[in-house]
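Every chain is numbered from 1 and lettered A, B, ... according to where its sequence line falls, protein lines coming before strand lines.
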Amino acid sequence: MSGELIVRAEYSERDAVVYLSGEIDIYNAQQFKEKIYQVVENSKGDVSIDCSDLNYIDSTGLGVFVGALKKAKQNNRDIHILNIRDNIKKLFVITGLDKLFIIH
Amino acid sequence: MSGELIVRAEYSERDAVVYLSGEIDIYNAQQFKEKIYQVVENSKGDVSIDCSDLNYIDSTGLGVFVGALKKAKQNNRDIHILNIRDNIKKLFVITGLDKLFIIH
Amino acid sequence: MELNDRITLSLPCKAEYVSVARLTASGIAYRMGFDIDTVEDIKVAVSEVCSRLINVSKNSDGEYEILYEIDDNRLKVTFSSKNIERAGCIFEDDKDGLGVSIIKAFMDEVEFCPDNKDYILSMTKFIEEKS
Amino acid sequence: MELNDRITLSLPCKAEYVSVARLTASGIAYRMGFDIDTVEDIKVAVSEVCSRLINVSKNSDGEYEILYEIDDNRLKVTFSSKNIERAGCIFEDDKDGLGVSIIKAFMDEVEFCPDNKDYILSMTKFIEEKS
Ligand SMILES: Nc1ncnc2c1ncn2[C@@H]1O[C@H](COP(=O)(O)OP(=O)(O)O)[C@@H](O)[C@H]1O
Ligand SMILES: Nc1ncnc2c1ncn2[C@@H]1O[C@H](COP(=O)(O)OP(=O)(O)O)[C@@H](O)[C@H]1O
């Protein structure tokens with residue numbers, strides 16, 4: 001099973017990268033929100049979210065992504081999404097969120 | 001998910017090797033029985049069962065192993081079990097079947 | 001179209017058990033022979049309904065039931081609850097929400113606000129004919 | 001020891017759905033925080049009871065219920081059925097069988113033949129205190 005969520009952040013002089021691993025759903029979305037908002041706040045520039053090991057996200061988690069983006073935009077910054085899996089990409093497309101985020 | 005069972009047999013001049021992959025439970029034990037009995041019948045010598053990719057077996061499946069062993073012994077042959085995973089080894093030990101089979 | 005098998009899962013209205021609903025949904029869809037992408041879609045749709053139910057239910061003592069009706073050519077999933085407040089139109093305040101978009105995209109038929117029915121929501125996925 | 005949460009899975013008495021019972025059992029045990037080996041043990045024990053129920057029930061129209069009672073320090077799993085013939089002592093003819101050995105080894109407490117109870121079998125696993 002791959003239930004639990006691990007959020008790991010790396011800061012550089014220019015920006016920050018967040019590595020997500022596991023699942024994001026209503027159970028841990030609040031915990032995810034606190035961590036990702038903190039990174040957006042502390043980053044010196046854009047924030048990249050590496051989703052290589054994210055195997056599930058629900059609408060609650062997607063809502064946190066949107067909230068984090070709004071927060072970033074207030075400081076003229078962007079959120080980049082890296083290495084997203086097909087099943088999660090599909091959710092971004094269906095909900096139209098693929099047009100808000102920079103998906104690499 | 002790793003549900004379905006795949007049974008593949010390779011025959012040589014001397015013996016036979018069966019490769020199991022997936023899960024064996026009450027749903028497919030009958031299908032497994034037919035295949036493994038056939039191999040025991042057709043083998044020129046001992047039969048080795050490679051369990052590298054067997055990730056689950058229930059008592060119904062273990063019963064088929066025992067039945068196959070009885071069939072083999074009638075012809076003075078043995079069944080060897082190869083590359084068994086820890087969780088399945090545990091079942092052989094608990095049920096005492098580890099004393100009947102040659103587990104490598 | 002005759003309905004054959006019924007599986008019911010009853011869960012507390014708590015966020016920690018939505019993962020259990022997902023596993024059960026995957027197991028059923030997989031066993032029915034849906035391809036792996038469709039199994040994932042059904043799992044996601046079921047999970048969205050659970051999350052929403054938990055969000056609208058104020059009482060964490062609540063319980064809800066997920067009924068799976070399994071047929072040769074379709075899976076019908078029906079949510080109901082005896083003690084969730086506001087069970088009924090759970091997506092009413094959130095018609096354009098992310099959850100609704102996902103459910104609509106992933107299921108073939110969805111009945112969001114059943115009139116005078118004793119269930120909350122029902123959704124169906126058909127098995128594609130193999131050509 | 002107060003019982004908190006209850007999850008119920010109701011399944012047709014058919015071999016094809018035992019895998020669904022296994023997934024649900026794993027999901028619940030995992031969420032409760034059992035270590036991965038114990039999750040596997042609980043899954044295996046649940047599956048053994050399901051198989052046996054299916055073997056003794058002659059009618060494939062039968063249904064059975066698995067009730068999970070979730071507590072801070074233990075998981076109690078109770079099997080019952082309204083319409084399985086010979087529900088009661090399901091392992092009676094098979095006291096030395098492989099299934100019984102496995103269930104006894106993997107669960108902490110098992111009540112195989114409850115007297116005058118309306119369930120078939122009940123078994124419990126305790127969460128080990130982390131030291
Ligand atoms: N297609 C979209 N484009 C931009 N923002 C969106 C889109 N869909 C939803 N949002 C925003 O995402 C956030 C969370 O979405 P929401 O609709 O609340 O999802 P939920 O189904 O969880 O209620 C809200 O701030 C909402 O405005
Ligand atoms: N410890 C053991 N040693 C040798 N044979 C065994 C042992 N346990 C079971 N068997 C044999 O394995 C076969 C299937 O076991 P069985 O007890 O019928 O399992 P179950 O009924 O639980 O599926 C039977 O032929 C039985 O005699």
Side-chain angles (χ1 to χ4, degrees), chain A residues 1-7 20-37 49 51-71 73 79 81 83-101 103, chain C residues 11-27 29-30 34-58 60 62 64 79 84 90-91 93-108 110 112 121:
Chain A
M1 237 148 315
S2 46
E4 300 317 303
L5 172 67
I6 298 166
V7 183
L20 302 180
S21 157
E23 304 194 334
I24 303 177
D25 75 355
I26 186 176
Y27 179 54
N28 56 23
Q30 187 56 36
Q31 168 207 340
F32 170 56
K33 185 176 179 172
E34 285 162 19
K35 291 193 175 163
I36 194 84
Y37 276 36
I49 305 182
C51 298
S52 311
D53 295 324
L54 180 67
N55 39 51
Y56 178 75
I57 187 165
D58 75 353
S59 64
T60 324
L62 291 172
V64 174
F65 268 72
V66 173
L69 183 65
K70 282 183 186 160
K71 216 172 149 60
K73 293 277 191 195
I79 292 187
I81 297 182
N83 303 320
I84 192 171
R85 294 189 183 179
D86 285 347
N87 61 323
I88 293 176
K89 176 81 182 289
K90 200 160 139 187
L91 291 174
F92 276 83
V93 172
I94 282 169
T95 55
L97 297 184
D98 60 328
K99 295 184 199 76
L100 301 184
F101 292 87
I103 300 182
Chain C
L11 286 171
C13 233
K14 294 185 178 175
E16 54 258 56
Y17 299 119
V18 174
S19 58
V20 174
R22 280 201 296 277
L23 274 175
T24 307
S26 303
Y30 181 76
F34 283 104
D35 65 78
I36 220 71
D37 287 340
T38 310
V39 169
E40 177 80 14
D41 292 351
I42 293 169
K43 178 189 88 173
V44 170
V46 166
S47 189
E48 289 300 332
V49 180
C50 297
S51 297
R52 185 69 194 166
L53 264 171
I54 289 162
N55 275 331
V56 300
S57 79
K58 299 289 171 269
S60 70
Y64 63 100
F79 290 77
I84 292 179
I90 53 168
F91 286 101
D93 303 339
D94 193 43
K95 288 204 179 80
D96 307 314
L98 302 170
V100 171
S101 331
I102 293 170
I103 293 166
K104 280 186 183 161
F106 284 170
M107 300 301 287
D108 293 325
V110 189
F112 278 103
L121 182 147

**Request:** Evaluate the side-chain proximity of A/Asp58 to C/Val18: yes if any heavy-atom separation is below 4.5 Å, no if none is.
**Result:** no
**Asked** Hey, what do you get for CD1 (C/Ile102) to CG (A/Leu91), rounding to the nearest 0.5 Å?
**Response** 5.0 Å
**Asked** Say you draw a straight line from CG of C/Leu53 to CD1 of A/Ile26; how long is it, rounded to the nearest 0.5 Å?
**Response** 9.5 Å
**Asked** What residue, out of C/Lys43, C/Arg22, C/Glu40, has the most heavy-atom pairs lying under 4.5 Å from chain A?
**Response** C/Arg22
**Request:** Check C/Ala15 against A/Tyr27 and note the closest heavy-atom contact, atom names and distance.
**Result:** O-CB, 3.6 Å
**Message:** Please find the pair of heavy atoms, one from A/Gly63 and one from C/Leu98, that lie closest to each other, and give the distance.
**Reply:** N-CD1, 3.8 Å
**Message:** Is C/Tyr17 close to chain A through its backbone or its side chain, or both, or neither, when contacts mean heavy atoms under 4.5 Å?
**Reply:** neither
**Asked** Got C/Val44 and A/Lys90 here, is their nearest side-chain heavy-atom distance under 4.5 Å?
**Response** no
**Item:** Inter-residue atom distance C/Asp94.CG - A/Ser59.OG, 0.5 Å rounding
**Value:** 8.0 Å
**CD1 on A/Ile94 to CD1 on C/Ile103, rounded to 0.5 Å** = 11.5 Å
**Request:** Determine whether more than 12 heavy atoms belonging to other residues, nucleotides or ligands lie under 6.0 Å from atom NZ of A/Lys33.
**Result:** no
